[in-house]
Structure formats: C-alpha cells, structure tokens
Amino acid sequence: MVNPPREDRLDAKSPLDSTEALLWVHDELIRIERHWTDQVQNQQRRIAAILAVNGFLLAFLATAGLQITTRRITGWYLYPFYSCLVLLAAALVFGVLTLFPQIPISGSKADRKSVRGDRKEWLRSTFFPPPPGPMDFWLDSGKVWEAFTRLPDRNMDALLLQSCESIAANANGNLTHNRVQVRRRKWMNWQIGFIMLSLILLIVAVVGWAVHIL
C-alpha cells in the first residue's frame, strides 16, 4: 500500500488536521530532544568536576612526593603513598577517555550513519571529519522561513508536520547520545573507584608517617 503524500494526510478525517494537535506533538518532540541534550550536559559537568578533583589531588601529592624524594625520607609508608600516586594517574587516564567526543555533529555525514560500533568510522570522523552535509530541516532557520513564506494562506499544518517529521528523523542521534553516556559512565565509575582506592592508600600512608615520627 502506497502512503499518500504528506499534504494529503491532513484531511478532514485525520486527527492531525488540528493545528493544536500538531503543536502538541512538536512540543513533545522538542522536549525529548532537550531531555537528551540536558542529560549530556549534566554528565559533562560531572566529568569536569571529577577531573578537577583528580587533577588537584595528583598535582598536590606529586609535589609532596618530590619533596620526600629530595629529603631522602625512608619508611614503609612511602609504598602506599607512591601507590596512591599511581592510582591517581590511572584515574586521570580514565577521566581523559571520557572526553573523547562520540556524539556526531548534526548535519555531518557521520550523523547519517546508523552502523553501531563502527570504530573505523568513529576514528575517521573524529580525527578526519568529513565536510558537513545538508542541515536537517528543523535546525535550518532559512529552510523553515522559506517553507513558511511559500505556504498557501499561511496554513501552518503542513509546515508543522514537516518539522515534526524532521525532528523525529533524529531518533538515531538520540540513540547515539544514549550509547555515549553509557560509555562515559563506565569510565567515570572506573575513575571514581581508582580515586577511592588512592584515598584509602593515602590515609594508610599518613597514619604510617605519623606513627613513624612519633
């Protein structure tokens, strides 16, 4: 069965003939897009906060380690101290892995590929990005305005339907958001775990140093 043209779907019997209904659908689609965008932004803030804590701890303790080496201080408590530095450095590596961008830019050729787990395509699009392709209708203000000026009698139903279809076509992009967030959370969990282990070793080292000098 061949689907009728988009304009013919807005007949008197269709539930989408109401501009209010189309506006509701459009708002819901925008809400979904905003939801995914907000999740990515919130996760990026957490990544930045954890990286800052990790970096400050590593810089401070590395400076202390250099002073210890200069003064030739010896004791068993130095082993957990240097192990703490190694764990913090490893945690920093995990934190940097979360920064690799894997969310395609809208309109790029990589954004139009739906192959999951294609590492060659990811490497190509990350380090050798292809030229941007045509912008989606709902993100191109020029196209939206041009379509509006061509509407007969300013009938908004056809324009709203075209905009809704353009937004809904970005569903694969939202799945990419989901996969990137899951990957980032995995590396964040490893980073946080290494930071916790390093803090435990730091406590052991401080207690050992205190016992040694007393």
Side-chain angles (χ1 to χ4, degrees), residues 1-48 97-188:
M1 181 178 179
V2 180
N3 293 328
R6 182 172 54 228
E7 294 79 3
D8 296 340
R9 277 181 266 166
L10 294 175
D11 54 12
K13 298 180 180 179
S14 174
L16 293 180
D17 60 351
S18 171
T19 303
E20 289 78 9
L22 283 172
L23 283 173
W24 179 85
V25 174
H26 184 272
D27 291 342
E28 283 298 300
L29 293 175
I30 292 297
R31 179 191 62 81
I32 294 171
E33 293 295 327
R34 188 180 299 114
H35 164 77
W36 287 108
T37 303
D38 290 343
Q39 279 197 334
V40 171
Q41 291 177 345
N42 291 335
Q43 189 182 61
Q44 288 175 342
R45 295 189 189 98
R46 291 193 295 271
I47 291 172
L97 288 176
T98 63
L99 299 178
F100 273 97
Q102 286 189 337
I103 298 178
I105 299 175
S106 180
S108 63
K109 294 181 179 179
D111 182 45
R112 312 203 178 267
K113 294 184 177 294
S114 59
V115 180
R116 181 174 180 179
D118 191 349
R119 298 187 181 279
K120 291 183 179 179
E121 179 60 33
W122 173 78
L123 289 173
R124 188 181 300 111
S125 61
T126 299
F127 298 101
F128 307 97
M135 192 66 64
D136 295 331
F137 175 80
W138 68 291
L139 293 175
D140 194 330
S141 58
K143 289 182 180 179
V144 173
W145 176 251
E146 182 180 359
F148 174 75
T149 56
R150 292 182 178 181
L151 287 176
D153 301 328
R154 297 296 185 264
N155 182 8
M156 293 295 298
D157 288 350
L159 180 59
L160 283 172
L161 183 60
Q162 184 179 2
S163 179
C164 290
E165 288 180 341
S166 178
I167 299 172
N170 193 43
N172 184 68
N174 293 335
L175 293 177
T176 304
H177 280 64
N178 185 25
R179 292 194 292 268
V180 170
Q181 290 185 80
V182 171
R183 178 190 65 85
R184 286 178 171 177
R185 176 171 290 186
K186 175 183 68 175
W187 295 125
M188 285 173 62

Side-chain touch Q39/Q181, heavy atoms, less than 4.5 angstrom: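 Counting from C-beta outward, Q39 and Q181 do come under 4.5 Å.
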4.5 Å side-chain heavy-atom contact, W187 and I47: no
Nearest heavy atoms of L159 and A147, plus distance in Å: CD1-CB, 3.7 Å
Closest approach of R184 to V40 (non-hydrogen atoms, all atoms of both residues): NH1-CG1, 4.0 Å
Backbone of W145 reached by a side-chain donor or acceptor of T149 within 3.5 Å: yes
Main-chain N/O of W138 paired to S166 side chain as donor or acceptor, under 3.5 Å: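 Here the side-chain-to-backbone pair exists.
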Residues forming a side-chain hydrogen bond (donor to acceptor under 3.5 Å, both in side chains) with Q43, sequence neighbours excluded: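 side-chain hydrogen bond (donor to acceptor under 3.5 Å, both in side chains) check on Q43 returns nothing, list empty.
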Non-neighbouring partners of R183 that pass side-chain hydrogen bond (donor to acceptor under 3.5 Å, both in side chains), sequence neighbours left out: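 Here the qualifying residues are Q102.
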Ring pair (Phe, Tyr, Trp, His ring centres under 6.0 Å) against W36, all qualifying residues, sequence neighbours excluded: none
From CZ (R46) to CZ (R185), nearest 0.5 Å: 6.5 Å
CG-CD distance between D157 and E20, expressed to the nearest 0.5 angstrom: 9.0 Å
Sequence neighbours left out, cut at 3.5 Å: what donor-acceptor pairs do the side chains of residues 21-28 make with other protein atoms?
{"from": "H26", "atom 1": "NE2", "to": "S163", "atom 2": "OG", "distance (Å)": "3.2"}
{"from": "E28", "atom 1": "OE1", "to": "R31", "atom 2": "NE", "distance (Å)": "3.2"}
{"from": "E28", "atom 1": "OE1", "to": "R31", "atom 2": "NH2", "distance (Å)": "3.1"}

Those residues that, when tested against V144, pass side chain to side chain contact (heavy atoms under 4.5 Å, CB included) (two or more places apart):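 Result, side chain to side chain contact (heavy atoms under 4.5 Å, CB included) vs V144: F137.
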Partner set under salt bridge (Lys or Arg N to Asp or Glu O under 4.0 Å) for E146, not counting sequence neighbours: R150
